[in-house]
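First up is the structure itself, then whatever we jot down about it.
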Amino acid sequence: MTSNAEAAEIFRSIADLLDLLGEKFKPEAYRRASRSIESLTEDLGAVAARGELRSIPGVGEAIAEKIEEYLRTGAVGYYDRLKREIPPGVVELMRLPGLGPKTARRFWVELGVEGPTELKDAIAAGRLVGVKGFGAKKIDQIRSALDTTAPGAGGGRRPLEEVYPIARELVRALRAPNRADRVEVAGSFRRARESVGDLDILVTTQDPARAFDTFTAHPLVGEVKMRGDTKETVLLKGGLQVDLRVVRPDEFGAALQYFTGSKDHNVRLRSLARERGLKVNEYGVYRGEEKVAGATEEDVYASLGLAWIPPELREDRGEIEAAARGTVPTLVTEPDLRGDLHVHLAPEAGPDAVDRLVAGAQKRGLAYLAVVVAEVAPDGSLSRLPERTLERLRKYASGAVTVLPAVEVGLGPLPSGLEVGPADVRIVRPTAASPTLPDPVPPSLRTDLIAHVGTTVASDAGALARWVDTAQRSGAAVEVGPGVERLDSTAARKAREAGIPLHLPTGLGGAPDDPTGAVAVGFARRAGASATDVVNARERARVRAPASGSSRGPKR
DNA sequence: GCCGTTTTCGGCCCGACTGTTTTCAGTCG
């Protein structure tokens, strides 16, 4: 069984191995191809079948051949040969913080060290002392890298929803009076990537030292890794790395653009600049010595003849061409949301929880909420909200915020004898017994929303395809957002391209600081969704998908 | 290895920071 994820992994590994062989440009070429394959919304096999592998950015003749080989045999001979040549432990050495391919290779070739354990022994035996390029400090640094990085400590990428509250808190602290003037989080956080490796925070301030001090003193901060005049790197107590950079106000836009990335996007931007006799760096856009832009991102893009591009689209997937043509879509924003079709109250929640929910919705400017009043669990048992709570919900059947009763059931027929009762919104979730709807969809299975997909759809192209198909045939929306039960941005893009409306949860009903809503909007924007693609950005009266075609249920 | 309204060959982002250097190499983002 082949998969895009596995192919991407193979090419990333090839890049690492080529790094260790001292190759200059090949590693980046393989990494670029790897990233492209990873973000593909389609199965590699399908692209290959159409003979369009080389239309994937970064895939040329040689890599296309290797993809074909992988699809045919499940392996890549070139990769297997490289693996035989280089001990796996050397790759681990290269990944240690502060070490890179050059150093790892030297340990291997000059000292015969083939992995972290051997390196530890070599240091303990004093074999690094006197080796050119390794002073006492460097040896210390390597020793502590070996100790701290041992069993998956700290490092690694984290889910966006986990990092979100941390980022919000650090920004709040830095924005406090007399600290920093402008504060923005850049990097993959700003692009709303599903996972974030570290946080890049940019500030403008008259007093960098003071900003660094404020930052260092924050309770979340564990240790300071590095501090220069314009940049400080810290490790939070949870292990997350945060870079704080001070930039000049007239360079803020250029810096924000630069540190937001993505790398592929920036590379394309710079080559576009070169074609036009311009140079882009983190300080501005230059024509020779003359600076032509830099204070705002809009200026930076405009100086290159481009419309401003939302961060979530900056992945070099055609957004630069769209910006040149002036066809960048207007992406959905949180204020576009008019309601939420999928709110769960805790079973024990009383009437007061309803009041709080409605108040929260009103504060967010929402006009309607569909609250699940009856739910059929996977084991076929039915649970309902208590009558007192239902009564309170009915009180809000009309008003500034309209509360609609929703039922949630598994895909497929209800267990016999079960009656969930009337509902305005019908939510279904796939079950092991019925992963998809029958075709044609019987009228009794009319569905507004498919939710709780419950598996990592993103990594299983087959499951995603079945799901998209089910949504298409039933006229239902699909739910996008954080967590394994919702679609990530890649899956959401695929659903959107298939014309399926997206539902964005607001996080109402959860904790007050629940990042679900913000993250869901971020994912939808990464998927290229406009407000018109989002079912709960519609007015209440237009939420229900219009009945069309014989396979759809009646409006009710 | 990829890529091209200046190129099918000759480029490939570039600056900050660290450590070990006596003028720079390696790493990182």
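Naming convention: chains lettered A, B, ... in sequence-line order (proteins, then strands); numbering from 1 in each chain. As the structure is a computational prediction, the values presented were derived from the model and not from experiment.
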For [X] and [N], give me the distance from atom [atom1] to atom [atom2], rounded to whole Å.
| X | N | atom1 | atom2 | value |
| --- | --- | --- | --- | --- |
| A/Arg31 | B/dC12 | CZ | P | 19 Å |
| A/Gln141 | B/dG26 | CD | P | 15 Å |
| A/Glu65 | B/dG1 | CD | C1' | 12 Å |
| A/Tyr258 | B/dC14 | OH | P | 9 Å |
| A/Tyr30 | B/dC12 | OH | C1' | 16 Å |
| A/Glu232 | B/dT18 | CD | P | 11 Å |
| A/Leu99 | B/dT20 | CG | P | 13 Å |
| A/Leu202 | B/dG29 | CG | C1' | 12 Å |

Could you pull out all donor-acceptor pairs under 3.5 Å where a side-chain atom in residues 10-20 of chain A meets a protein atom, sequence neighbours excluded?
| from | atom 1 | to | atom 2 | distance (Å) |
| --- | --- | --- | --- | --- |
| A/Arg12 | NH1 | A/Ser34 | OG | 3.4 |
| A/Arg12 | NH2 | A/Glu9 | OE1 | 3.1 |
| A/Ser13 | OG | A/Glu9 | O | 2.9 |
| A/Asp16 | OD1 | A/Arg31 | NH2 | 3.0 |
| A/Asp16 | OD2 | A/Arg95 | NH2 | 2.5 |
| A/Asp19 | OD2 | A/Arg31 | NH1 | 3.4 |
| A/Asp19 | OD2 | A/Arg31 | NH2 | 2.7 |

Which of the following nucleotides, [options], is nearest to the side chain of [X]?
| X | options | answer |
| --- | --- | --- |
| A/Met226 | B/dG19, B/dG15, B/dC17 | B/dC17 |
| A/Lys279 | B/dC17, B/dG1, B/dG15 | B/dG15 |
| A/Asp198 | B/dT20, B/dG29, B/dA16 | B/dG29 |
| A/Thr230 | B/dG19, B/dG29, B/dA16 | B/dA16 |
| A/Val267 | B/dG19, B/dC13, B/dG1 | B/dC13 |
| A/Arg270 | B/dC13, B/dG19, B/dG29 | B/dC13 |
| A/Lys102 | B/dG1, B/dG26, B/dG15 | B/dG26 |

Can you tell me, in whole Å, how much space there is between the [atom1] of [N] and that of [M]?
| N | M | atom1 | value |
| --- | --- | --- | --- |
| B/dT5 | B/dG1 | C1' | 24 Å |
| B/dT6 | B/dG11 | C1' | 13 Å |
| B/dC24 | B/dT20 | C1' | 9 Å |
| B/dC17 | B/dC12 | C1' | 24 Å |
| B/dC13 | B/dT27 | C1' | 15 Å |
| B/dT8 | B/dA16 | C1' | 37 Å |
| B/dT22 | B/dC14 | P | 28 Å |

Among [options], the one residue meeting side-chain contact (heavy atoms from CB on, under 4.5 Å) with [X]:
| X | options | answer |
| --- | --- | --- |
| A/Ile320 | A/Val328, A/Leu306, A/Leu313 | A/Leu306 |
| A/Val163 | A/Val242, A/Leu199, A/Leu236 | A/Leu199 |
| A/Asp488 | A/Arg193, A/Glu194, A/Arg493 | A/Glu194 |

Task: Comparing A/Thr103 and A/Lys231 on DNA chain B - which has the more 5′ nearest nucleotide - done: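 By nearest-heavy-atom nucleotide position, the 5'-most residue is A/Lys231.
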TODO: Would you please name every residue forming a salt bridge (charged side-chain N to carboxylate O under 4.0 Å, His left out) with A/Lys291, sequence neighbours left out?
DONE: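 A/Asp250.
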Task: Results of salt bridge (charged side-chain N to carboxylate O under 4.0 Å, His left out) for A/Glu169 - residues two or more places apart only - done: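 Applying salt bridge (charged side-chain N to carboxylate O under 4.0 Å, His left out) to A/Glu169 gives A/Arg172.
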Task: Between A/Thr516 and A/Asp514, a side-chain donor and acceptor under 3.5 Å - done: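 Result is yes, a qualifying pair exists.
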- [ ] For A/Ser39 and A/Glu315, test the side chains for any donor-to-acceptor distance below 3.5 angstrom and give the result as yes or no.
- [x]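 Absent: no donor and acceptor within the cut-off.
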If we only count heavy atoms from C-beta on, is the [X] to [Y] side-chain gap below 4.5 Å?
| X | Y | answer |
| --- | --- | --- |
| A/Tyr301 | A/Leu269 | yes |
| A/Asp147 | A/Lys120 | yes |
| A/Thr233 | A/Asp198 | no |

At 4.0 Å (heavy atoms only), tell me whether [X] reaches a base, stays on the sugar-phosphate, or touches nothing.
| X | result |
| --- | --- |
| A/Ala186 | nothing |
| A/Arg227 | sugar-phosphate |
| A/Asp229 | sugar-phosphate |
| A/Pro101 | sugar-phosphate |
| A/Glu282 | sugar-phosphate |
| A/Lys137 | sugar-phosphate |

Task: Any strand: nucleotide that pairs with B/dT8 via Watson-Crick or wobble, under 3.5 Å - done: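 By the stated definition (distances under 3.5 Å), nothing pairs with B/dT8.
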Task: A/Asp316: which of A/Lys263, A/Arg35, A/Arg32 passes salt bridge (Lys or Arg N to Asp or Glu O under 4.0 Å) - done: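 Only one option passes, and that is A/Arg32.
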Task: Heavy-atom pair with the smallest gap, counting every atom of A/Val90 and A/Ile86 - done: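 Reported closest heavy-atom pair: CB-CG2, 4.2 Å.
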Anything under 3.5 Å between a protein N or O and an N or O of nucleotides 9-11 of chain B, put it in a table, one pair a line.
none

Task: Sub-4.0 Å heavy-atom contacts from residues 44-53 of chain A onto DNA chain B, ordered by number - done: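 Contacting residues: none.
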What does the list of N/O pairs under 3.5 Å between the protein and nucleotides 2-6 of chain B look like, with a distance for each?
| from | atom 1 | to | atom 2 | distance (Å) |
| --- | --- | --- | --- | --- |
| B/dC2 | OP1 | A/Gly60 | N | 2.6 |
| B/dC2 | OP1 | A/Gly60 | O | 3.4 |
| B/dC2 | OP1 | A/Ile63 | N | 3.1 |
| B/dC2 | OP2 | A/Ala62 | N | 3.3 |
| B/dC3 | OP1 | A/Gly58 | N | 2.8 |

TODO: Please indicate whether A/Glu110 has more than 12 foreign heavy atoms, meaning atoms of other residues, nucleotides or ligands, lying under 6.0 Å from its CD.
DONE: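 Yes, the 6.0 Å shell around CD holds more than 12 heavy atoms from other groups.
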- [ ] Look at the side-chain N and O atoms of A/Tyr283 and state whether any lies under 4.0 Å from the OP1 or OP2 oxygen of B/dA16.
- [x]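 So the side chain of A/Tyr283 is within the cut-off, an N or O lying under 4.0 Å from OP1 or OP2 of B/dA16.
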